[in-house]
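Below is one structure; the comments refer to it alone.
For the numbers below, each heavy atom of this structure counts, side chains included, while hydrogens, waters and symmetry mates do not. The sequence lines fix the lettering, A, B, ..., with proteins before strands; numbering per chain opens at 1.
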Amino acid sequence: MELRKAKGTEFKKYSVLPGFGLTLGYTMLYLSILVLLPLSMIIFYSSKMGWSAFWSTVMDPRVMASYKLSFGASLAAGLINMVFGVLLAWVMVRYSFPGKKIIDALVDLPFALPTAVAGIALTTVYAPNGWIGSLLGFKVAFTPIGVVIALTFIGLPFVVRMVQPVLQSLEKEVEDASASLGASRFQTFRKVIFPELLPAALAGFTLAFARSLGEYGSVVFISGNMPMKTEITPLLIMTKLEQYDYAGATAIAAVMLVASFLLLLIINLIQWWTNRKFMSQ
Amino acid sequence: MGGNIPLNLSNAPLKSSREAKDPVWVQWLLISIALIFLGLFLILPLVTVFVQAFEKGLTVYLEAITNPDALSAIKLTLLVAIIAVPLNAFFGIMAAWAITKFHFKGKNLLITLIDLPFAVSPVIAGLIFVLLFGSQGLFGEWLFERDIKIIFAVPGIVLATIFVTIPFIARELIPLMQAQGTAEEEASITLGAGGWKTFWHVTMPNIKWALLYGMILCNARAIGEFGAVSVVSGHIRGLTNTMPLHIEILYGEYQFAAAFAVASLMSIMAIFTLIIKNILEWHGKKETA
């Protein structure tokens with residue numbers, strides 16, 4: 001231990017607390033075996049494929065259609081959640097109404113309910129003979145709208161849970177000042193409150209969007225899985241696997257991983273931007 | 001990114017100063033829109049599960065959940081959770097200790113690495129273990145020669161579940177332990193307590209609610225994981241079917257009442273998760289207040 005401390009001064013600042021080597025070592029070992037090694041298989045197997053085979057797999061029209069659906073539906077669901085998430089957070093922080101506590105707890109249901117259960121329940125509600133599906137004049141389940149509904153369910157808590165604490169910590173005095181200077185309630189919201197909420201809402205949107213891109217369980221039941229029409233990208237990976245086309249599945253997975261990592265980067269940038277904003281205040 | 005809810009310990013500010021001066025009609029309009037939205041997306045689907053489960057009567061319901069295949073699915077699901085949750089809890093504590101109690105280079109990279117499974121689609125989480133241990137995978141031949149089965153068997157399901165749920169507990173502990181700092185532990189060590197004693201008597205009481213909170217969320221995801229498990233399981237009834245996979249099979253066979261009966265059990269678990277989560281939040285807030 002003494003040797004490690006002496007040697008480690010450049011890599012790590014001195015601390016009286018014990019256990020650095022043990023805990024960091026264990027953390028690195030666990031992550032290497034369970035995360036890095038498995039994930040590196042995607043790079044390993046797609047590089048074995050050869051460029052032209054890789055390119056023709058990931059640019060295949062059926063795969064392209066799935067990117068469009070996955071991306072478009074995730075975007076639509078993320079935007080719906082951004083609007084209603086801010087609204088829900090606002091209502092729960094600012095107003096009081098009966099059953100508020102239960103509603104607040106229920107917002108996390110999509111995190112607690114297994115996606116397969118959500119999938120079959122949403123399909124039943126929105127199918128042409130379902131409670132809501134039968135009331136609507138157009139088809140919802142087994143169309144891209146159904147995909148958007150499932151993804152809205154999955155992403156619902158993210159924006160609410162990001163915006164809620166920001167609204168709670170917002171100082172009332174700023175709003176009072178704005179009002180006393182003659183701003184209308186709507187002007188105050190748009191110019192004073194909304195800019196404060198925006199980073200949190202965007203972070204929530206990005207989280208919901210990233211989760212939606214990869215979502216599988218809740219979507220496969222309601223989408224109907226028609227090639228070129230309602231097939232999401234994760235389903236296509238599954239289909240290729242079932243046909244023992246491991247190379248094809250890996251190539252599409254590689255494209256999805258790159259997209260996910262870009263989103264992870266964006267989330268970190270938003271967080272950095274938010275932190276900087278709070279620092280400068 | 002797959003569902004991390006930070007434990008919110010900030011106490012809501014005084015109610016009276018928070019109540020907005022919006023006109024009553026605006027308040028009711030916004031509340032109504034919010035409730036209709038939640039009704040359409042959360043409450044109706046949840047109610048549907050129970051209505052559909054009992055549609056064919058109580059006997060069909062009981063038959064569906066006491067069916068041998070259903071029982072073995074329940075057992076397997078619990079087994080996977082009992083392995084995955086403690087392993088990830090132990091990892092979470094180790095990672096949080098290393099990250100929050102010391103200053104070292106590359107810390108942010110390490111945190112990003114822990115978050116990585118949230119950014120990976122569940123289907124890909126399953127695929128990577130097939131590429132490692134499947135018959136055509138990197139270790140496929142080696143495993144085949146030794147007659148060890150990982151893919152289409154229980155170990156694969158456990159591995160995929162661990163992968164998907166790795167960040168949950170670490171992500172709850174890191175911000176909390178970061179905020180708590182190192183002063184208490186340093187005092188304890190300086191006064192002569194050992195590392196283990198310090199952890200157990202100083203750190204543990206501070207993090208216990210967050211730890212339980214993370215474990216509850218981790219457990220909910222481990223029980224309900226579908227995509228990743230679906231890839232590695234092979235859907236062998238009575239052997240490698242977890243509860244969500246069993247629901248899928250029943251649903252695919254148009255046995256809707258049976259599918260929803262098993263789904264209702266999982267919904268009850270989800271509701272319990274939410275209740276326990278709120279109790280833990282309440283305890284956490286009480287202690288920080």
Side-chain angles (χ1 to χ4, degrees), chain A residues 11-13 15-20 23-24 26-27 30-31 34-35 38-39 41-42 45 84 87-88 91 94-95 97 105-106 108-109 111-117 120-122 124-125 131 152-153 156 161 165 168 172 185 207 210-211 214 216-217 234 237-238 241 246 249 253 256 260 264, chain B residues 1-3 5 8 10 12 17 20 27 30-31 34 37 41-42 44-45 48-49 52 91 94-95 97-98 101-105 113 116-117 119-124 127-129 131-132 136 162-163 182 185-186 189 195 220 224 226-227 231 244 247-248 251 259 263 266-267 270 273-274 278:
Chain A
F11 165 62
K12 160 189 170 268
K13 276 193 203 161
S15 162
V16 292
L17 296 180
F20 177 69
T23 52
L24 186 69
Y26 182 81
T27 304
Y30 196 82
L31 287 175
L34 285 162
V35 178
L39 273 179
M41 288 300 107
I42 299 282
Y45 277 91
F84 285 97
L87 175 73
L88 269 167
V91 161
R94 292 303 174 92
Y95 304 152
F97 53 94
L106 212 59
D108 289 327
L109 183 72
F111 287 157
L113 195 70
T115 51
V117 175
I120 61 170
L122 287 168
T124 308
V125 172
W131 288 346
T152 306
F153 174 89
L156 199 147
R161 292 302 181 226
Q168 270 168 354
K172 189 82 175 126
R185 191 71 191 137
L207 285 171
R211 169 77 204 255
Y216 175 76
I237 297 178
M238 198 67 133
L241 271 175
Y246 291 105
M256 280 198 73
S260 307
L264 202 62
Chain B
M1 287 180 268
I5 333 168
N8 180 12
S10 67
S17 73
Q27 292 197 22
L30 294 181
I31 291 170
F37 177 73
F41 283 93
L42 291 187
L44 271 184
T48 300
V49 172
Q52 295 282 330
F91 163 77
M94 295 292 259
W97 182 271
K101 302 297 175 193
F102 304 99
H103 293 279
F104 57 93
K105 281 177 189 157
L113 205 61
L116 212 53
V120 174
S121 169
V123 176
I124 298 179
L127 168 70
I128 53 181
F129 288 102
L131 293 178
L132 260 186
Q136 300 179 27
I162 291 176
F163 177 92
T182 55
E185 280 85 1
E186 277 164 3
I189 296 279
F226 178 72
V231 174
I247 293 172
E248 185 201 15
Y251 190 82
M266 302 210 81
S267 304
T273 301
L274 292 184
N278 273 280

Exercise for review: For the residue pair A:Tyr26 and B:Phe91, categorise the inter-ring angle as parallel (less than 30°), tilted (30 to 60°) or perpendicular (more than 60°).
Suggested key: tilted
Revision key, fill the gap. Heaviest contributor of heavy-atom pairs below 4.5 Å to chain B, chosen from A:Thr115, A:Ile237, A:Thr124, is A:Thr124
Exercise for review: Using a cut-off of under 4.5 Å on heavy-atom pairs, state which of A:Ile120, A:Leu241, A:Leu31 scores highest against chain B.
Suggested key: A:Ile120
Measure the [atom1]-[atom2] distance between [X] and [Y] for me, rounded to the nearest 0.5 Å.
{"X": "A:Asp108", "Y": "B:Thr273", "atom1": "CG", "atom2": "OG1", "value": "11.0 Å"}
{"X": "B:Phe102", "Y": "A:Leu24", "atom1": "CZ", "atom2": "CG", "value": "9.5 Å"}
{"X": "B:Ile124", "Y": "A:Tyr216", "atom1": "CD1", "atom2": "OH", "value": "13.0 Å"}
{"X": "A:Leu88", "Y": "B:Ile31", "atom1": "CG", "atom2": "CD1", "value": "11.0 Å"}

Does any part of the side chain of [Y], heavy atoms only, come nearer than 4.5 Å to the side chain of [X], both counted from C-beta?
{"X": "B:Ser267", "Y": "A:Leu113", "value": "yes"}
{"X": "B:Leu116", "Y": "A:Leu264", "value": "yes"}
{"X": "B:Glu186", "Y": "A:Leu17", "value": "yes"}
{"X": "A:Phe84", "Y": "B:Phe41", "value": "no"}

Distance-minimising heavy-atom pair for [X] and [Y]:
{"X": "A:Leu34", "Y": "B:Phe129", "answer": "O-CZ, 3.9 Å"}
{"X": "B:Ala34", "Y": "A:Val91", "answer": "CB-CG2, 4.3 Å"}
{"X": "A:Gly217", "Y": "B:Phe226", "answer": "CA-CD2, 3.3 Å"}
{"X": "A:Leu122", "Y": "B:Pro45", "answer": "CD2-CG, 3.6 Å"}
{"X": "A:Pro18", "Y": "B:Gly195", "answer": "CG-CA, 3.6 Å"}
{"X": "A:Gly214", "Y": "B:Pro122", "answer": "O-CD, 3.3 Å"}

What part of [X] lies closer than 4.5 angstrom to a heavy atom of chain A: side chain, backbone, both or neither?
{"X": "B:Leu131", "value": "both"}
{"X": "B:Thr48", "value": "both"}
{"X": "B:Leu44", "value": "both"}
{"X": "B:Tyr251", "value": "side chain"}
{"X": "B:Ile162", "value": "side chain"}
{"X": "B:Leu30", "value": "both"}

Sort out for me which of [options] touches chain A most, counting heavy-atom pairs under 4.5 Å.
{"options": "B:Ile247, B:Leu127, B:Thr182", "answer": "B:Leu127"}
{"options": "B:Val123, B:Val231, B:Asn278", "answer": "B:Val123"}
{"options": "B:Ile189, B:Leu42, B:Val49", "answer": "B:Leu42"}
{"options": "B:Ala259, B:Ala220, B:Gly227, B:Ala98", "answer": "B:Ala98"}

Review point. Given a strict heavy-atom distance threshold of 4.5 Å, which part of A:Leu156 is in contact with chain B: side chain, backbone, both, or neither?
Key: side chain
Practice item. Check step by step if side-chain contact (heavy atoms from CB on, under 4.5 Å) holds for A:Val35 and B:Val120. Key: CA-CA 10 Å; A:Val35 178; B:Val120 174; over 6 Å; no
